[in-house]
Structures are given as C-alpha cells and as structure tokens.
Amino acid sequence: MSTESDSDSGDGHNSDPRGRISRDSKRRRRSSRSKSTVDRISKLTDSLLVHILSFLPIEDAIKTQVLSKRWKYLCTFLPSLVFRCCLSENRDEDGFIVFVDETLILCNCSKLKKFAFHCALASHCPYFYIPYIGSKINLWTRVAAMKGTEVLELDFHALEENKFEDYHYELPQHLYSNLSFRELHFSLCRVTPKGGVDWNSLKKLSIGYVVLSDEVIHKILVGSPVLEILELYYFHSVSRLHFSNASLKKLILREYWDDHSNFDESKLEISAPNLESLEMLGCLGRKICRLVDVSSLVDATLKFDLCHKEADVLEDYERDQNILRRLLESLANVKNITLGTWALQVLSIMEAKGLPSPLLKCECLTLHAGISKIVLPGITNMLGSSPNLETLAITVSSSNGYHEHFGETLTKLCDFDEKHYWTLQSRTFECLMLHLKKVKFAGTITKNKKKITCRYNLSIRLLLSPLLKVMSTGHFPDDPSWKRRLTFRRSQTTVDSRTTVESQTTVDRISELPDSLLVHILSFLPIEDAVPTHVLSKRWQYLWTYLPSLVFRCYNNYYEGEVEEFADFVDKTLVHCNCSKIKKFGVEFTYHSDSLITPKISLWTRFAAGKRTEVLHLDFHDKVLLDENTFEDCYELPQHLYSNSSFQELYFSLCKLTPKGGVDWNSLKKLSIGYVILSDEVIQKILVGSPVLEILELYEFHGVSHLHFGNASLKKLILRGYWDHNENRDESELEISAPNLQSLEMLGCLERKNCRLLDVSSLVDATLNFDLGHEEEEDVWEDYARDRNILRRLLESLAHVKNITLGTWALQVLSIMEAKGSPSPLVKCMCLTLDAGISKTVLPGIANLLGSSPNLETLVITLSPSISYYDEVFEETLTELCDFDEKLYWTSQNRNFECLMLHLREVKFAGIRWLYRDLNFAFVQFLLEKARVLQKLVIDALRDDVKPATEFFQMLLSFPRSSPNAVVMFYE
C-alpha cells in the first residue's frame with residue numbers, strides 16, 4: 001500500500017505546485033467519473049451498511065465517517081465494540097482512553113451484542129497504570145451493562161510469564177448482577193462477588209488465569225440457572241466442582257495454575273449428574289482428580305497430563321494409575337472417550353504389569369497421541385477393555401507426556417522390539433472380531449526420520465481386520481511407503497464400490513512426466529526424503545540416483561551411534577550415485593577430530609571432485625572449539641581439493657587451509673571462508689590459483705594483515721568479523737589494495753585492527769558497517785583518537801565512491817568529530833545509506849556527513865538496531881563536548897547544506913517499527929523544510945509491525961515543504 005499527499009497552492013491561475021493538477025482538470029475528471037460510475041454501496045440500507053461495518057476493527061469503522069454526510073453517524077450504531085490496547089511505558093494510554101470514551105459517548109446503539117476489551121500488559125508496564133485504567137474499565141463496563149450487552153469479554157494477558165499476580169483486574173461489583181449477559185469471558189481478572197450473583201440469562205462462562213474458591217464457584221452456579229457451558233483455564237484453589245444445575249451440559253478444565261515449587265496434591269472432585277460433555281486438557285499439576293457423579297455423560301476427553309517430581313518414577317506411576325483407574329471406572333458408561341498421551345503411557349505400564357484397564361462400554365474411542373513405543377501396550381490395553389468398540393480414531397499429534405521416564409520404567413518391566421510388537425500379539429480382541437467397523441487416522445502425519453514408516457506400517461496392519469473400512473483424513477506425508485502400507489492383506493472379502501470406481505478413473509499424471517523432470521522435482525527435497533522414493537515403483541527405483549545436488553546434514557551427532565548411522569547413509573548414497581556431473585555437494589555436521597567419520601570426509605570430497613562438482617560446501621560447527629578458541633582440532637582440507645578445475649563456488653567453515661603446493665582453481669568464481677586462521681601466504685596462493693575469482697568472503701578470520709589483490713576479475717570483497725582467537729587485542733594493520741574491486745563490505749566486529757585502504761580506485765559501492773573493540777579500562781579519548789584516525793583514512797580513500805553505507809560506529813565517531821569542530825573528509829557519493837537508528841549519539845554525525853557530501857542525491861536510513869557495544873560511552877563523551885536536547889537538535893541547525901539546497905531528490909526511511917516509535921519526526925521535518933529539490937520522501941514500515949495511529953500520518957503530511965514537487969509516500 002502506498003499513500004501520496006500533495007498540497008494546494010493559493011494561486012488559481014497556475015497549476016498546483018505540488019500535485020500539478022489544475023482545478024479545471026479536476027472538475028472535468030470528477031464530472032466524467034460521476035457520469036460513468038454508479039455508487040451501488042450508497043443504495044444499500046443503513047442497517048446493511050452497519051452490518052458491513054461491524055466486520056471491521058473499531059478503529060477502521062470509525063474512520064468511515066469522513067466519507068460523506070450519510071456515513072457520518074453510521075459507525076455510532078455498531079452493535080459490537082471490541083477495543084484492543086497494549087499497556088507499556090512507551091505507549092500513549094491517554095490517547096487510547098480518550099478514543100474509547102468518545103466512542104462510547106457517541107454510541108447510538110440501544111442494545112450491544114458484544115463489548116470486549118483486550119489488554120496486553122508488557123513486562124515493563126508501570127504499576128500505576130493498572131489502577132488508573134482499571135477505574136476507566138469500570139466505567140466502560142457500566143456503560144456496556146446499561147446498553148444490554150449480550151457478550152462481555154475482559155481479556156487481560158501479561159506478556160511476561162509468572163507475573164499474573166501483579167496485574168489482576170478486579171471485576172466491579174455491578175457486573176455480578178445483570179440479566180442481559182449471555183456469554184462472559186474473563187481472563188486475568190479477580191472474581192470476588194461480595195453478595196450474590198444474578199446472571200439469569202447466562203449460557204456460557206469462561207474464566208482463566210484466576211484464583212477461585214469453592215464458595216465463588218457455588219455463588220456463580222446458584223446465580224446462573226440456565227448456564228450450559230463452563231470453561232476454567234489456568235485456575236487455582238478449587239477443590240470441589242459440584243454442579244446441580246440441570247442446564248449445565250459441558251465442562252472444560254484446561255490447565256491448572258500451580259506454582260511448581262510446591263506441588264498442590266489436593267483433590268479435585270467433580271460431581272455433575274446432568275453433564276453431557278467433559279474435557280480435561282493441558283497440565284493439571286498434581287491434582288488428584290475424581291469423578292463422583294457423571295451419570296449423564298456422553299463425551300469425555302482425558303487429554304491432560306500430571307506434573308511429576310524428579311524422584312522415584314514408580315511412586316508417580318502408582319499415583320497416576322490410581323487416578324486414571326478411578327476416572328475410567330467413572331466413565332464406564334460413556335459412549336465417546338478421548339485419551340491423550342499421558343493416559344496411554346499409564347495404561348502401557350499397567351499392561352506391562354498385567355493390570356487390565358476397567359471395562360468400558362464406549363462405542364467410539366479417540367487416541368490423541370503419536371503411535372510410539374511407550375503407548376503401544378496402552379493401546380492394546382484399551383482394545384482389550386473396550387468390547388463394544390465400533391469406531392477407533394487416532395489423531396496423530398505431538399506428545400504431551402514425558403517420554404524418558406515412562407520409557408525407562410516400561411523397559412524395566414518388559415522390553416520389546418517396537419517393530420515386531422503387533423506381529424507378536426496372539427490375543428484375540430472382542431471388539432476387532434465383532435464390532436469395530438471404522439478406523440480413522442486424523443491430522444497431518446509428519447515424518448520422523450526412519451521410525452515413522454515402521455510404526456504406522458505395523459499399526460495399520462493390525463487394524464485392517466474383518467469388516468474394517470480404512471478412512472484417512474488430513475494430508476499424507478511425503479513418504480512413498482504409504483502406497484505399500486495400503487496394500488496390506490485384509491480379511492474382508494468385499495471391496496467398497498467407491499474404491500473400485502476411483503481405481504478405474506484415477507490417472508497417474510506424475511508417472512507421465514519424463515525422467516529428467518522427475519529428477520528435477522526430487523532435487524527440491526532433502527536427500528533423506530528423496531532416497532526413499534525408490535519404493536514407489538520400478539520406474540522410481542533408480543531416479544534418485546541421478547540427483548545433481550547432494551547435501552547431507554546432521555546436527556545432532558553427539559553420539560557415536562548417530563555418527564555411524566549418518567556416515568553409512570552418506571556412503572550408501574554415494575555408492576548408488578549415477579550422476580556423471582554434480583552441481584552441488586555439501587556436508588554439514590558437528591565435527592569432532594577423534595570421530596570415526598574424519599577419514600570418510602576425505603573420501604567423500606574425493607568423490608565430489610571426481611564427479612566434477614561445481615559447488616562444494618563443507619560446513620563444520622563445534623561449539624566447544626568456538627568457546628575455547630582452539631582450532632588445532634579443526635578439519636584439515638585434503639591436498640587434492642586444492643587442484644580442481646571444476647569448482648565454481650567453495651564454502652569452508654571451521655576448516656584448516658594449508659596448501660602445501662600451489663592452488664589450481666581455474667574456474668572458481670566465489671570463495672567463502674569462515675572461522676579460520678589464515679596467513680598472507682595462503683591468501684596469495686589462493687589468489688594466484690584463482691584467476692577468475694569474482695567474490696571473496698572472509699568471516700571470523702584471523703592472521704591476515706595484507707589483502708593485496710591484483711586479480712582483474714575480483715569485483716567484490718566481504719570482511720565480516722575479525723576472530724581474535726587468543727584475546728590479546730591484535731592492533732596490527734589490515735591493508736587492503738584492490739585496484740579492480742567494485743564492491744567492499746566491512747561488517748561485524750573487527751576487534752582492534754587498524755584498517756587501511758591503499759588502492760580502491762575502481763570502487764563503486766562501499767559499506768563500513770563494522771565496530772572496533774574497546775578496552776573498558778582504557779581512556780575513552782585514546783580510543784576516540786584511534787577510531788577517528790582509522791575512519792578519516794577510510795573516508796579519504798572512499799572520496800570517489802558513489803554509494804556509501806555507514807553503520808552506528810562510524811556515525812558515533814563522526815558525532816564526536818562534529819562536536820570538536822572536525823569535519824568529515826569530503827566525499828563525492830551520490831547515494832548515502834545510514835544503517836543505524838536515529839539516536840542522540842549519531843545526530844551530529846549525520847549533520848557532519850550532510851555537510852561533507854555536496855553531491856548527495858539519495859539518502860537512505862535503515863533504522864536498524866545498533867551494533868556498537870559502547871553507546872553509553874559515546875553518549876557520555878559526546879555530552880562532555882556538547883550537551884543538547886535531542887528533540888530540538890535539527891530545529892537549531894542554522895547552517896546551509898549544499899546537498900539539500902541543490903541535489904537531494906530522494907529520502908527513504910526503511911525498517912520502521914511503529915511499536916517502538918523509532919522514526920525521528922524532527923529529522924523528517926528538517927529534511928522536508930531544507931531539501932529544495934526533493935521529489936519524494938518514502939517511509940517503509942515492517943510488514944509484521946502494528947498499524948500506526950492516524951495522527952502519525954497527519955503529522956507527517958502537515959510538515960511544510962520547501963520543494964514544490966515533494967511527495968510523502970508510505971509503504972508497508
């Protein structure tokens with residue numbers, strides 16, 4: 001979206017100086033438009049227009065009043081008012097409060113369907129905001145009550161965990177007596193009725209993040225005679241839920257709010273003789289849950305988990321077993337039961353100990369868990385205790401239990417091979433023999449390495465029994481073994497007619513594609529997913545062996561067994577590779593010098609070289625090596641890699657480069673080396689042996705002092721982070737001489753290197769977005785003198801460069817130079833990019849640059865976060881030299897900048913986050929007032945940021961402009 005604004009002039013004889021559209025042309029255009037355009041929206045009735053507006057956020061709906069006189073009051077009849085805000089020390093709460101007040105005052109709707117207030121409480125929110133806005137909410141809820149509101153939502157949520165006690169909003173007493181409420185939703189509110197509760201029309205109540213009591217619950221139930229649905233989430237201090245209301249049909253308990261340092265092991269009794277649906281979800285702490293009377297229950301969901309101490313697991317199991325057994329006994333007559341991972345894990349241990357589950361009469365059983373080893377005996381237990389089961393649904397989902405403890409306990413009791421568990425089942429299940437008619441696998445099944453194939457393969461083999469119809473919902477994974485799974489033998493002799501019709505009409509269009517296209521499609525898959533496609537059919541058996549790109553990744557290879565498995569997979573893949581030429585070969589994993597995989601890497605790289613690989617990527621990472629700054633154990637590149645004419649791109653990370661002879665990379669165009677100790681000699685060998693090298697990237701490097709490039713082909717150099725591995729503060733020089741270089745990027749922290757540019761006469765683009773290390777105990781002025789000399793020499797060498805990008809450190813040094821009256825060297829750049837936030841420490845630096853860039857045509861400010869580690873030190877130093885008010889800095893500038901007077905045509909602010917208000921309006925106003933030939937000022941906000949308030953746009957568009965052609969454009 002973009003918005004463009006122009007201003008009208010007072011001269012009626014001349015064209016508009018900003019929009020350049022005459023009044024006559026405007027009238028003709030408006031007249032022609034009125035003849036051809038039909039306003040169908042205005043023909044709609046007011047009630048329908050109000051209904052349409054009700055789908056808009058309240059902030060947008062109110063803005064429609066400026067459309068015409070008819071629309072002026074339509075928004076005041078909105079039946080639903082939903083307000084959202086975030087309380088923090090950086091936001092304008094007063095403006096939001098005024099907005100809500102005015103909206104309610106102008107509200108002409110006699111009866112509101114919904115009133116909602118959603119408030120996010122930031123962790124740094126001052127405490128005095130809570131009672132202040134609380135009093136306003138009391139007033140707003142009173143207005144809502146007077147308007148006969150049917151649905152009331154008060155949703156507070158703290159953005160920082162475990163801070164709920166500090167932010168509770170106490171419900172006003174007038175809310176406990178209202179006959180119009182039909183739905184109430186309270187989150188992070190204190191519910192403390194001093195008298196009775198009178199909610200005679202209430203049908204649904206949802207309360208969360210709340211400390212309740214049995215007394216409060218009883219008051220609510222007594223005062224809500226037609227309540228049908230009750231939801232409690234993140235609740236605390238409730239021990240009895242006894243519901244005698246005949247109307248209450250559904251109860252949802254989701255997450256017990258417990259301080260995990262003092263596990264609450266009290267009982268939670270539920271008695272609801274008229275209840276039809278019960279859902280127990282999330283973590284219920286260590287509550288001992290009991291169902292006293294649920295005789296009318298039809299649907300029950302036990303998809304919760306219980307907290308466990310790190311003590312003896314068997315003690316927890318005894319407790320869990322007793323809780324689950326009592327729950328299932330109370331649910332013996334329920335028709336539809338859903339169980340989660342925790343319940344199945346407990347049932348697994350019961351099965352291993354020979355303890356059957358209580359007999360159930362359920363006809364539909366839903367298992368909401370992944371089929372893993374720790375739940376297989378539990379499923380067996382349930383099948384044996386559900387003789388009347390007709391429908392079995394398995395919803396594949398991530399587990400909510402703790403696998404390790406249950407898995408260890410289960411292994412102690414009975415260790416079995418997960419792959420052969422179902423094939424060894426010799427018992428007869430009554431439900432499978434007589435009743436089970438339908439099995440449903442729901443949810444998207446995601447692949448989990450190699451185990452998922454066997455799990456679902458063997459599980460479905462058991463379930464495809466007599467009179468079974470297989471029905472699967474969701475999306476099949478990219479796993480070719482599904483075709484094989486659905487060919488299991490069934491004891492059912494008849495086949496569904498729909499299956500026959502589908503098999504006759506389905507056309508396999510993928511198989512009609514040529515092999516080259518199928519291989520191209522496979523190349524987009526990870527190698528571990530592409531290889532298993534060989535089981536699809538005979539045609540697919542060898543397609544993957546022609547893949548032109550082979551990238552192997554293993555990030556969790558901390559155990560020798562996993563390393564060996566990874567190495568075997570790579571070996572087998574390379575053995576079957578039939579591709580004569582490989583475009584890309586890559587290996588990424590955590591390297592250990594004493595690993596058995598080390599000699600294999602040299603073999604793999606030799607294979608890649610023999611296949612004339614164009615792109616070679618060796619990315620090793622070892623946190624221990626990086627933390628200890630020791631690199632003697634890095635992987636050393638084999639000597640055969642230094643002589644290869646097919647390499648076009650090379651990427652090495654955490655590798656030793658020690659060519660014993662010369663380097664022969666005649667086709668190499670890009671080289672990236674990181675986390676490496678180099679030398680001038682090695683660099684020289686690489687440059688001599690790479691005659692067509694175009695891009696060289698060094699990141700986190702060490703040991704280089706001279707980068708002299710005579711290669712005519714080298715066009716781009718990237719230096720990102722100097723690696724001071726021995727922490728002795730290397731203050732040696734780093735000289736760069738590259739007469740043919742066109743682009744230079746110096747990024748990250750270059751420690752204390754004294755950087756110099758000797759010959760960069762062909763340079764077009766230069767980026768100085770780096771920082772220099774500082775010693776905390778050193779004199780700041782000594783650091784400044786060193787930094788000033790380095791920056792001055794760099795800028796003098798870049799005087800001819802057209803496009804320059806500067807970061808925070810450079811601007812801070814220029815700020816101190818400006819304060820001391822030392823101008824920046826003159827530069828001829830036409831495009832200047834400032835990759836920094838506009839803070840006090842960089843304002844004089846920006847002024848310094850504007851004064852030394854007379855030819856500047858484009859100014860870009862990215863508003864990125866600072867990378868300087870010493871903002872406070874710079875600010876203190878700057879304050880000693882010249883203290884000024886940041887807000888008034890630009891208005892106090894009396895000097896004339898040549899670039900603003902004659903050349904600056906475009907200004908762009910990129911990366912704005914409205915939430916943090918990082919746009920310096922004073923600087924924007926200064927540019928609009930001083931830039932006489934400015935054509936456009938662009939403000940580009942981040943897409944994922946919050947929407948700015950209308951006053952921001954109005955303020956920006958109201959600034960005076962010295963250029964008659966200047967326009968302000970907004971993008972998001």
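As the structure is a computational prediction, the values presented were derived from the model and not from experiment.
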Self-check item: Parallel, tilted or perpendicular, as decided by the 30° and 60° cut-offs, for the rings of Phe589 and Phe620
Solution: perpendicular

Practice problem: Please tell me if the side chains of Val676 and Leu657 come closer than 4.5 Å, counting only heavy atoms from C-beta onward. | Solution: yes

Quiz item: Hey, does the side chain of Asn848 reach the backbone of Pro823 with a donor-acceptor pair shorter than 3.5 angstrom?
Solution: no

Quiz item: Side chains of Asn789 and Asp787: does their closest heavy-atom pair fall under 4.5 Å?
Solution: no

Practice problem: Identify the two heavy atoms, one from Leu550 and one from Cys577, that lie closest to each other, and give their separation to 0.1 Å. | Solution: CD1-SG, 4.3 Å

Practice problem: Can you see which heavy atom on Ser743 is nearest to which on Leu741, and at what distance? | Solution: O-CG, 3.6 Å

Quiz item: Going by distance alone, is a donor N or O of one side chain under 3.5 Å from an acceptor N or O of the other, for Ser822 and Arg792?
Solution: yes

Quiz prompt | Atom of Lys753, atom of Leu772 and distance for their closest heavy-atom approach | solution = O-CD2, 3.9 Å

Self-check item: Test item: Asp529 side-chain N/O and Leu525 main-chain N/O as donor-acceptor pair under 3.5 Å
Solution: no

Self-check item: Non-hydrogen atoms of Val801 and Ala766 that approach each other most closely
Solution: CG1-N, 4.0 Å

Exercise. May I ask you to decide whether Glu694 forms a salt bridge with Lys715, counting only side-chain N to carboxylate O separations under 4.0 Å?
Key: no

Quiz prompt | Lys669 side, atom NZ; Leu693 side, atom CG - distance, nearest 0.5 Å | solution = 11.0 Å

Quiz item: Would you say Gln639's side chain and Lys660's backbone share a donor-acceptor pair under 3.5 angstrom?
Solution: yes

Exercise. Tell me, yes or no, whether the heavy-atom count around His800 atom NE2, taken from other residues, nucleotides or ligands under 6.0 Å, exceeds 12.
Key: yes

Exercise. Taking all non-hydrogen atoms of both residues into account, name the closest pair between Cys755 and Ile790 and its distance.
Key: O-CG2, 3.9 Å

Practice problem: Could you verify whether a donor N or O on one side chain and an acceptor N or O on the other, from Glu697 and Tyr699, lie under 3.5 Å apart? | Solution: no

Quiz item: Any chance the rings of His534 and Tyr542 have centres within less than 6.0 Å?
Solution: no

Quiz item: Do the side-chain N and O atoms of Asp759 and Ser761 include a donor-acceptor pair separated by under 3.5 angstrom?
Solution: yes

Exercise. Assign the ring pair Phe701 / Tyr722 to parallel, tilted or perpendicular, where the plane angle (0 to 90°) is split at 30° and 60°.
Key: perpendicular

Exercise. Would you mind telling me which of Thr833, Thr805, Asn803 makes a side chain to side chain donor-acceptor pair (under 3.5 Å) with Asp765?
Key: Asn803

Quiz item: Is any side-chain heavy atom of Leu641 less than 4.5 Å from a side-chain heavy atom of Phe647?
Solution: yes

Self-check item: Spacing of CG belonging to Leu637 relative to CG belonging to Leu618, to within rounding of 0.5 Å
Solution: 6.5 Å

Practice problem: Please test Glu745 against Lys716 for salt bridge (Lys or Arg N to Asp or Glu O under 4.0 Å), starting from the C-alpha separation and ending with a verdict. | Solution: CA-CA 8 Å; Glu745 295 182 12; Lys716 186 173 184 178; 3.6 Å; yes

Quiz item: Under the 3.5 angstrom rule, does the side chain of Ser797 hit a backbone N or O of Leu757 as a donor-acceptor pair?
Solution: yes

Quiz item: Have Asp835 and Thr862 got a donor and an acceptor in their side chains that come within less than 3.5 Å?
Solution: yes

Quiz item: Any luck finding a side-chain donor-acceptor pair between Asn666 and Asp664 under 3.5 Å?
Solution: yes

Quiz item: Are any non-hydrogen side-chain atoms of Leu696 and Leu698 less than 4.5 angstrom apart?
Solution: yes

Quiz prompt | Heavy-atom pair with the smallest gap, counting every atom of Val519 and Leu543 | solution = CG2-O, 3.7 Å

Quiz item: So, does Arg720 use its side chain to make a donor-acceptor pair with the main chain of Ile718 at under 3.5 Å?
Solution: no

Quiz prompt | Exercise: do Ser602 and Tyr635 side chains pair donor with acceptor under 3.5 Å | solution = yes

Quiz item: Any chance the side chains of Glu735 and Ser705 put a donor and an acceptor closer than 3.5 Å?
Solution: no

Practice problem: Nearest 0.5 Å please: distance from the CZ atom of Arg788 over to the CG atom of Leu814. | Solution: 12.0 Å

Quiz item: Do Ser853 side-chain atoms and Val827 backbone N/O form a donor-acceptor pair below 3.5 Å?
Solution: no

Quiz item: Ignoring hydrogens and geometry, is there a side-chain-to-backbone donor-acceptor pair from Asn711 to Ser713 under 3.5 Å?
Solution: no

Practice problem: Please tell me if the side chains of Val692 and Leu668 come closer than 4.5 Å, counting only heavy atoms from C-beta onward. | Solution: no

Practice problem: Under the salt bridge (Lys or Arg N to Asp or Glu O under 4.0 Å) rule, what do Lys581 and Glu614 come out as? Steps first, then yes or no, please. | Solution: CA-CA 8 Å; Lys581 181 178 176 64; Glu614 296 180 359; 3.7 Å; yes

Exercise. Could you check if a side-chain atom of Glu528 sits within less than 4.5 angstrom of a side-chain atom of Phe569, using non-hydrogen atoms only?
Key: yes

Practice problem: Would you please say whether a donor-acceptor pair under 3.5 Å links the side chains of Asn769 and Trp809? | Solution: no

Quiz item: Is there a donor-acceptor pair closer than 3.5 Å between any side-chain N or O of Ser653 and the backbone N or O of Asp619?
Solution: no

Quiz item: Does NZ belonging to Lys685 count more than 12 external heavy atoms closer than 6.0 Å?
Solution: yes

Quiz item: Would you say the side-chain atoms of Thr533 pair up with the backbone N or O of Ala530, donor to acceptor, closer than 3.5 Å?
Solution: yes

Practice problem: For residues Leu616 and Tyr651, determine if any side-chain heavy atom of one lies less than 4.5 Å from a side-chain heavy atom of the other. | Solution: no

Practice problem: Please check if the side chain of Ser646 supplies one atom and the backbone of Thr613 the other of a donor-acceptor pair under 3.5 Å. | Solution: yes

Exercise. Taking the side chain as every heavy atom from C-beta outward, state whether Asp515 and Trp540 have any atom pair closer than 4.5 Å.
Key: no

